[in-house]
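First comes the structure, then the notes that go with it.
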Amino acid sequence: MSLDLTLDQGEEIRFLNKISDTVKQLHKKTHFTARELEISLLLYYKLLKDEDGPRSPVQGFISRQQFTTVFDTAFGMTDNVMIGRIYAALDKGATSHVTMETWVHTLSLFLRGTFEEKVKYCFKVYDIQGEGMIRRDHMMLLLKTAIVKHQDEEVEEAVKDLVDIILHRMDIDRDGSISFQDYSETVRKSPQMLECFGQALPDRGYIYAFSRTFLERVRKF
């Protein structure tokens, strides 16, 4: 069965040959079947064609701006500040592009990721300095972005109060910061705290819609 009716047979064959090694490598590292990996990489390929036109698209990369558009339209994630944090968690390099591997790993995490994978990922999103610790001032920044779009004294006090509540709940060793151990122990007991510092994952409705449209298996919620 053809992957996409908009591709002629020759283009599809060339595309599948080009990505065959990538599919083999990623099959062991993601939650996708080989067919789903081909479809995921085809989506990347088509985004690249839209960006680059006719020049050898499989050889290039999609831009972060294109990826941001996917976050918005496909996953309903529109907070640009948080998306910047998400990029930092997903891709260590400060680049302007997104590789095929990062694209596929992101889809695998969002659509099929285990709870353990999501715990590690969300902590990375919130760990602004990458030091294995979410400090109080970082919590303030994250919550201001997630909750309010303007600043005044009342809002500032409300955010401080919320930080105090979260610290009381999550700072198990009472050192004034949230370590990964603090965070992981808390969210295992209270999964609703997973995204307590802002949206780092798509809502279930978007996951279901994307999976229903593009994947072989649709995860039940």
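Both backbone and side-chain heavy atoms feed into the values below; hydrogens, waters and symmetry mates do not. All residue numbers in this chain count up from 1 along the given sequence. All values reported here derive from a predicted model rather than from experimental measurement.
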Kindly write out the residues that satisfy side chain to side chain donor-acceptor pair (under 3.5 Å) with [X], not counting sequence neighbours, or none if the list is empty.
| X | result |
| --- | --- |
| Thr102 | Thr99 |
| Gln25 | none |
| Asp182 | Ser179 |
| Gln65 | none |

Going by ring pair (Phe, Tyr, Trp, His ring centres under 6.0 Å), name the residues that satisfy it together with [X], two or more places apart in sequence or in a different chain.
| X | value |
| --- | --- |
| Tyr183 | Phe123 |
| His97 | Phe61 |
| Tyr121 | none |

*Going through the checks in order, is the side chain to side chain contact (heavy atoms under 4.5 Å, CB included) test met by His31 and Leu109?*
CA-CA 8 Å; His31 301 290; Leu109 173 70; over 6 Å; no
_As a quick check of understanding, evaluate side chain to side chain contact (heavy atoms under 4.5 Å, CB included) for Leu47 and Thr69, giving each step before the final call._
CA-CA 11 Å; Leu47 284 169; Thr69 300; over 6 Å; no
*Nearest-0.5 Å distance, CG of residue Asp72 to OG1 of residue Thr78*: 6.0 Å
*asked:* I need the Arg136 CZ to Lys160 NZ distance, nearest 0.5 Å.
replied: 8.0 Å
For [X], enumerate each residue passing the side chain to side chain contact (heavy atoms under 4.5 Å, CB included) test, keeping only those at least two apart in sequence or located in another chain.
| X | result |
| --- | --- |
| Asn80 | Thr68, Ile83 |
| Leu26 | Thr22, Thr30, Leu37, Glu101, Val104, His105 |
| Leu43 | Trp103, Phe210, Phe214 |
| Arg188 | Phe115, Glu116, Ser184 |

*Could you walk me through whether Phe32 and Ile39 pass side chain to side chain contact (heavy atoms under 4.5 Å, CB included), step by step?*
CA-CA 10 Å; Phe32 292 144; Ile39 294 169; over 6 Å; no
*asked:* Walk me through whether Ser211 and Arg112 qualify under side chain to side chain donor-acceptor pair (under 3.5 Å).
replied: CA-CA 9 Å; Ser211 300; Arg112 299 268 176 77; 5.6 Å; no
*Within 45° of the ring axis of Tyr87 and under 6.0 Å from its six-membered ring centre, is that where the NZ or CZ of Arg64 lies?*
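Geometry flag: set, cation within 6.0 Å and 45°.
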*Name all pairs fulfilling the ring-ring contact (aromatic ring centres under 6.0 Å, His included) condition that reach into residues 124-143, sequence neighbours left out, sorted by first residue then second.*
Tyr126-Phe197
